[in-house]
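What follows is a set of notes on a single structure, which appears directly below.
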Amino acid sequence: MLKQQLNLKLSQKLSPQQIQLMKLIQLPTQAFEQRIKQELEENPALEDGKLEARDEFEEYEDDYKERDREDEGTESIEAEIDVDEYLSDDEVPNYRLQANNYSPDDDEKSVPYAAGTSFTQYLTTQLSTLRFDETEEQIAAFLVGSVDESGYLRRELQDIVDDLAFTQNIYTDEDAVEKVLKKVQELDPAGVGARSLQECLLIQLRRKEPTKAVELAEDILDRSFDQFSKKHYTKIISRHDISEDELREAIDVIEHLNPKPGGSYSGNTRMIEHVIPDFTIKIVDGDLELSLNGRNAPQMHVSRDYSDMLKGYKESKEKTKAQKDAVMFIKQKLDAAKWFIEAIQQRQQTLMVTMSAIMNYQKEYFLTGDERNLRPMILKDIADEIEMDVSTVSRVANSKYVDTPYGTKLIKEFFSESMKNDQGEDVSTREIKKILEISIEEEDKRKPLTDEKLAKVLKDKGYPIARRTVAKYREQLDIPVARLRKEI
């Protein structure tokens, strides 16, 4: 039995232009500049710089409309290039599909790198200063190649012995590899080639001048590393029969060692992030002043040469098929250029409106710099204020920075959930974290506050939160537990 049904479905599809606009809004300043550079390279009808004359594209577009009315029905070839036909929604030009239609979730992949010699190359160069026979030299080169970016050898010696046999055709044993490793550990920076933090610190101590504090530090790390890492200072004092002052001097020596020797190599090739503020907030005469980074407001205009091509076609008496194809291509480029300029202007407006709403919402914070003055604020609060979608606010907040009198901040850091204090008032979780941070800074480091005691301190200050919530906030602030904050 056949059934015939009529279903109505309402759906919304984003055009390639809308997708590109969302992508433009999401881009931070530096990536936005790269995007403009890309568009200038791909579309010769788009040029940078200020154009003094009126928008010529609009002028010739008006001429075309007039020409179409005059010639309507007179020439079939003229009808074939009607703007509405080849720029309709049903037939989006290939140029737009190829250049503009990509997902707003695509990430920018271009990241600047520092030039220079790699850490591995730096170590390999030093091997020539050590004495090896031919086999040892090959083993040493293999060990250096196995050192990670922190300067550690994370693999078991037996695994290295196996790899040497399978990949280098070198048959040896653990004792021989360890003998070469001890020489590799003589390389700079001190501590490189260590297999554990304990070994790394001991290597560094053995290169220092053997003072009493250095010798005690070496003895503590050698015999009581586990107790030291857990800050069981009372046990260390008893086991090594030393005073608190002697222990304090030894700890001072250890704290000046480098737990990641690889990171100390200045020539190490590593990724560099350039943070360029998208906005600037200044306090002028007691009031806030917001400005957009000028690099987000480029001067763009439509190419005069391409506009002249359209004008030449209009004035041509004989219009061939080749001319028609050429003018269709030109019109597509001009239309794309005009839209891109409009999209840039819309991006500027969206950024300013969104950041202005955020600034006014958090006015007390921006005037004082005190994080305890941050109001609870979620994306929807700003979206409702500026009557835009939450996703638009998210694109601005997640990728943009603002230069304030208190430093450059990521905008999304101003957003936080709320909870109620003992007065029933909504307070920002950022405010609570700041008070928690201050409470830990002011604690007696000889007897650090446990999470349970911190919860009581916050409750006394009017913030009744559970111990597990204190632990969560403490971890988010990257603050260790009480035992590891202990000092003597």
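Residue numbers start at 1 and run along the sequence shown.
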[Y] and [X], any side-chain heavy atoms less than 4.5 Å apart:
X      : Y      : value
Pro298 : Gln348 : yes
Leu187 : Leu130 : yes
Tyr401 : Pro28  : no
Tyr233 : Lys231 : yes
Leu123 : Val184 : no
Glu174 : Val177 : no
Gln26  : Thr392 : no

Q: Under the side-chain contact (heavy atoms from CB on, under 4.5 Å) rule, collect the residues that match up with Arg155, sequence neighbours excluded.
A: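 Counting only residues at least two positions away or on another chain, Arg155 forms a side-chain contact (heavy atoms from CB on, under 4.5 Å) with Phe142, Ser146, Asp159, Ile160, Asp163.
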Q.
Using the side-chain contact (heavy atoms from CB on, under 4.5 Å) criterion, which residues pair with Asp133? Sequence neighbours excluded.
A.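 Per chain and number, Asp133 pairs via side-chain contact (heavy atoms from CB on, under 4.5 Å) with Thr135, Glu136.
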Q. What do the steps show when you test Glu246 against Lys212 for salt bridge (charged side-chain N to carboxylate O under 4.0 Å, His left out), and what is the final call?
A. CA-CA 9 Å; Glu246 288 174 320; Lys212 185 177 180 180; 3.3 Å; yes
To the nearest 0.5 Å, how far apart are [atom1] in [X] and [atom2] in [Y]?
X      : Y      : atom1 : atom2 : result
Tyr406 : Glu371 : OH    : CD    : 11.5 Å
Gln30  : Asn296 : CD    : CG    : 11.5 Å
Glu41  : Leu46  : CD    : CG    : 11.5 Å
Phe340 : Gln345 : CZ    : CD    : 11.5 Å
Glu443 : Arg446 : CD    : CZ    : 13.5 Å
Ser391 : Leu379 : OG    : CG    : 9.5 Å

What side-chain donor-acceptor pairs closer than 3.5 Å can you find for residues 279-289, not counting sequence neighbours?
none

N/O donor-acceptor pair under 3.5 Å between [X] side chain and [Y] backbone:
X      : Y      : value
Arg474 : Ile479 : yes
Asn293 : Pro277 : yes
Ser150 : Tyr152 : no
Thr469 : Ile465 : no
Lys461 : Ile432 : no
Lys434 : Asn373 : no

To check you understand the geometry: which heavy-atom pair defines the closest contact between [X] and [Y], and what is its length?
X      : Y      : result
Ser229 : Asp226 : OG-O, 2.8 Å
Thr29  : Arg295 : CG2-CB, 3.8 Å
Asp278 : Ser399 : OD1-O, 4.2 Å
Gly462 : Pro464 : O-CD, 3.4 Å
Leu205 : Val253 : CD2-CG1, 3.6 Å

Q. Yes or no on side chain to side chain contact (heavy atoms under 4.5 Å, CB included) for Trp339 and Ile344, after CA distance, side-chain angles and deciding distance?
A. CA-CA 9 Å; Trp339 181 87; Ile344 289 175; over 6 Å; no
Tell me if the [atom1] atom of [X] is crowded by more than 12 foreign heavy atoms within 6.0 Å.
X      : atom1 : answer
Glu156 : CD    : no
Lys208 : NZ    : no
Lys409 : NZ    : yes
Glu387 : CD    : no
Arg223 : CZ    : yes

Q: Carefully, step by step, assess Gln126 and Glu186 under the rule side chain to side chain donor-acceptor pair (under 3.5 Å).
A: CA-CA 10 Å; Gln126 295 181 64; Glu186 295 175 14; over 6 Å; no
Q.
Quick one, Asp245 with Ser243, criterion side chain to side chain donor-acceptor pair (under 3.5 Å). Give me CA distance, side-chain angles, the key distance, then yes/no.
A. CA-CA 5 Å; Asp245 287 340; Ser243 66; 5.2 Å; no
(Q) Walk me through whether Leu153 and Leu181 qualify under side chain to side chain contact (heavy atoms under 4.5 Å, CB included). (A) CA-CA 10 Å; Leu153 183 68; Leu181 177 60; 3.9 Å; yes
**Q.** Any residue meeting ring pair (Phe, Tyr, Trp, His ring centres under 6.0 Å) with Phe414, in chain and number order, not counting sequence neighbours
**A.**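 Once residues adjacent in sequence are excluded, the partners of Phe414 under the ring pair (Phe, Tyr, Trp, His ring centres under 6.0 Å) criterion are Tyr365, Phe366.
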Q. Do the side-chain N and O atoms of Gln38 and Gln34 include a donor-acceptor pair separated by under 3.5 angstrom?
A.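 No donor-acceptor contact under 3.5 Å links the two side chains.
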Hey, is [X] close enough to [Y] for a salt bridge, meaning N to O under 4.0 Å?
X      : Y      : value
Arg468 : Glu452 : no
Glu218 : Arg206 : yes
Lys456 : Asp460 : yes
Lys179 : Asp175 : no

(Q) If you apply the rule salt bridge (charged side-chain N to carboxylate O under 4.0 Å, His left out), what do you find for Arg195 with Glu199, and how did you get there? (A) CA-CA 6 Å; Arg195 289 161 287 181; Glu199 185 176 29; 3.0 Å; yes
Side chains of residues 349-357: which donor-acceptor pairs under 3.5 Å do they make with residues two or more places apart or in other chains?
unit_1 : atom_1 : unit_2 : atom_2 : d
Thr350 : OG1    : Gln346 : O      : 2.9
Thr354 : OG1    : Thr350 : O      : 2.8

Q.
Checking Asp252 against Arg248 for the salt bridge (charged side-chain N to carboxylate O under 4.0 Å, His left out) test, could you report, in this order, the C-alpha distance in whole Å, the side-chain angles of both residues, the deciding distance, and whether it holds?
A. CA-CA 6 Å; Asp252 184 63; Arg248 190 178 292 108; over 6 Å; no
Q: I would like to know whether Asp188 and Arg207 meet side chain to side chain contact (heavy atoms under 4.5 Å, CB included); could you show each step before the answer?
A: CA-CA 11 Å; Asp188 289 326; Arg207 289 202 193 180; 2.9 Å; yes
Q. So Leu449 and Asp444, side chain to side chain contact (heavy atoms under 4.5 Å, CB included) or not? Walk me through it.
A. CA-CA 8 Å; Leu449 299 172; Asp444 179 2; over 6 Å; no
Q.
Please determine whether salt bridge (charged side-chain N to carboxylate O under 4.0 Å, His left out) holds for the pair Arg35 and Glu39, giving the CA-CA distance in whole Å, both sets of side-chain angles, and the decisive distance to 0.1 Å.
A. CA-CA 6 Å; Arg35 180 66 186 87; Glu39 190 71 17; 3.0 Å; yes
Q. Tell me, which pairs form a salt bridge (Lys or Arg N to Asp or Glu O under 4.0 Å) where one or both residues lie in residues 346-355, sequence neighbours left out?
A.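 As it turns out, there is no salt bridge (Lys or Arg N to Asp or Glu O under 4.0 Å) pair with a partner in residues 346-355 once direct neighbours are skipped.
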